[in-house]
Amino acid sequence: MVFSSNPRILTPGDPPAFSTYNESGSAPVLIVCDHAKADVPRKLNQLGLPQNRLKEHIAVDMGALKASKALADLINAPLIYSNYSRLVIDCNRYPGDEASIVNVSDGIRIPGNATATLEDRQDRVREIFHPYHAALSARIESFLEFGTIPALLLIHSCTPQLNGGRPRIWDIGILWALDGRLAIPAMEYLNATGDYVVGNNEPYHLDLGVDYTASEHALRRGLPHLEVEFRQDHLNKQGGPEKWANILYDSLKPTLSHKNLFQIERHWPTLTS
């Protein structure tokens, strides 16, 4: 188990910042799940929330980890996922963004965040956010060092309704910006079946400079990628994660079989040393 130097939050009894699954997967694909778990470091005392709140969508993308593992098995690809709740720190937001460590989520006050000092917040960045993203970077660089340009698949799930807003009608949302090499063929396939309501950048769109993982790990490197939002009520059904992983896999399989997919295409400023 690896901890950052002089940890203030994570202790030997806590999980590390991230975990891997199917690490030896041979496909030129990296699967990523930013909001996989609802865990909170013991020192943070459940962020002052009752246990039932940590089982809700405000804390975790329900079903996303199971769907990610099923997809990793189908593709034979490695998966890296965060071990801590998005309420501790959102690993898909830039540190310092107001959505990085929220005081309120879907109308629920998060006491342990509302009272967190700047130092407390910096500790979460240092001990959870940075190690997780360092692991993603290291795995991508490992691909590149061996001459493989990987595709990134970023797996999320969303609640059918948020903040009392209109119901989300989309069965599956495909999120993308600038680079549609995976997103556009996947949407065409899904729409052609006539079986699904497919969101083109719905219920969210991929915000450059807001959505950290796709922006920094895929777009800046010019890697093919796709971000998906499965609706949680679909994943919560028996066999739901596996079913929807298969649906997504079927939509990606034709494109992933093309060698010309795995190329660098620059659409955004490159990484600087």
K43 vs D14, test: salt bridge (Lys or Arg N to Asp or Glu O under 4.0 Å). Steps then yes/no. CA-CA 9 Å; K43 281 191 174 181; D14 288 316; over 6 Å; no

Aromatic contact, Y212 with H133 (centres under 6.0 Å): yes

Using 0.5 Å steps for rounding, measure from the CG atom of N201 to the CG atom of L206. 7.0 Å

CD1 (I58) and CD1 (I108) are apart, to the nearest 0.5 Å, by 5.5 Å

Do L74 and L235 sit in the same hydrophobic cluster, where Ile, Leu, Val, Met, Phe, Trp and Tyr count as joined when their side-chain heavy atoms come under 4.5 Å apart? yes

If you take all heavy atoms of R168 and T159, which pair is closest and at what distance? NH1-O, 2.9 Å

With the 4.5 Å side-chain cut-off for hydrophobic clustering, are F129 and I9 part of the same group? yes

Can you find a side-chain donor-acceptor pair between H234 and D171 that sits under 3.5 Å? yes

Membership question, hydrophobic clusters at under 4.5 Å side-chain separation (ILVMFWY): are V228 and L175 in the same one? no

Output the distance between atom NE2 (H225) and atom CG (L182), rounded to the nearest 0.5 Å. 8.5 Å

All heavy atoms of G48 vs all of P111, minimum pair found to be O-CG, 3.8 Å

Contacts of A134 meeting side-chain contact (heavy atoms from CB on, under 4.5 Å) (sequence neighbours excluded), chain-then-number -> none

Please report the interatomic distance CZ(R124) to CG(L44), rounded to the nearest 0.5 Å. 5.0 Å

Find out if a path of hydrophobic residues (ILVMFWY) with successive side-chain heavy-atom gaps under 4.5 Å connects W268 to L136. no

Between Q232 and S157, is there a side-chain donor-acceptor contact under 3.5 Å, judged purely by atom types and distance? yes

Of all heavy-atom pairs between V88 and I128, which one has the smallest distance, and what is that distance? CG1-CD1, 3.6 Å

Rounded to the nearest 0.5 Å, what separates atom NE2 in H156 from atom CD in E227? 4.0 Å

Check whether I140 and I264 end up in the same hydrophobic cluster, where Ile, Leu, Val, Met, Phe, Trp and Tyr are linked by side-chain heavy atoms less than 4.5 Å apart. yes

For N103 and N113, which I'm curious about, is there any donor-acceptor pair between the side chains at under 3.5 Å? no

Decide whether H35 and D90 meet the rule of one side-chain donor and one side-chain acceptor closer than 3.5 Å. yes

All heavy atoms of F230 vs all of I155, minimum pair found to be CE1-CG2, 3.9 Å

Would Y84 and L10 count as a side chain to side chain contact (heavy atoms under 4.5 Å, CB included) here? Give the steps. CA-CA 11 Å; Y84 286 98; L10 299 186; 3.4 Å; yes

Side chains of Y132 and N83: any donor to acceptor distance under 3.5 Å? no

Please round to the nearest 0.5 Å and tell me the distance separating atom OG1 of T20 and atom CD1 of I80. 7.0 Å

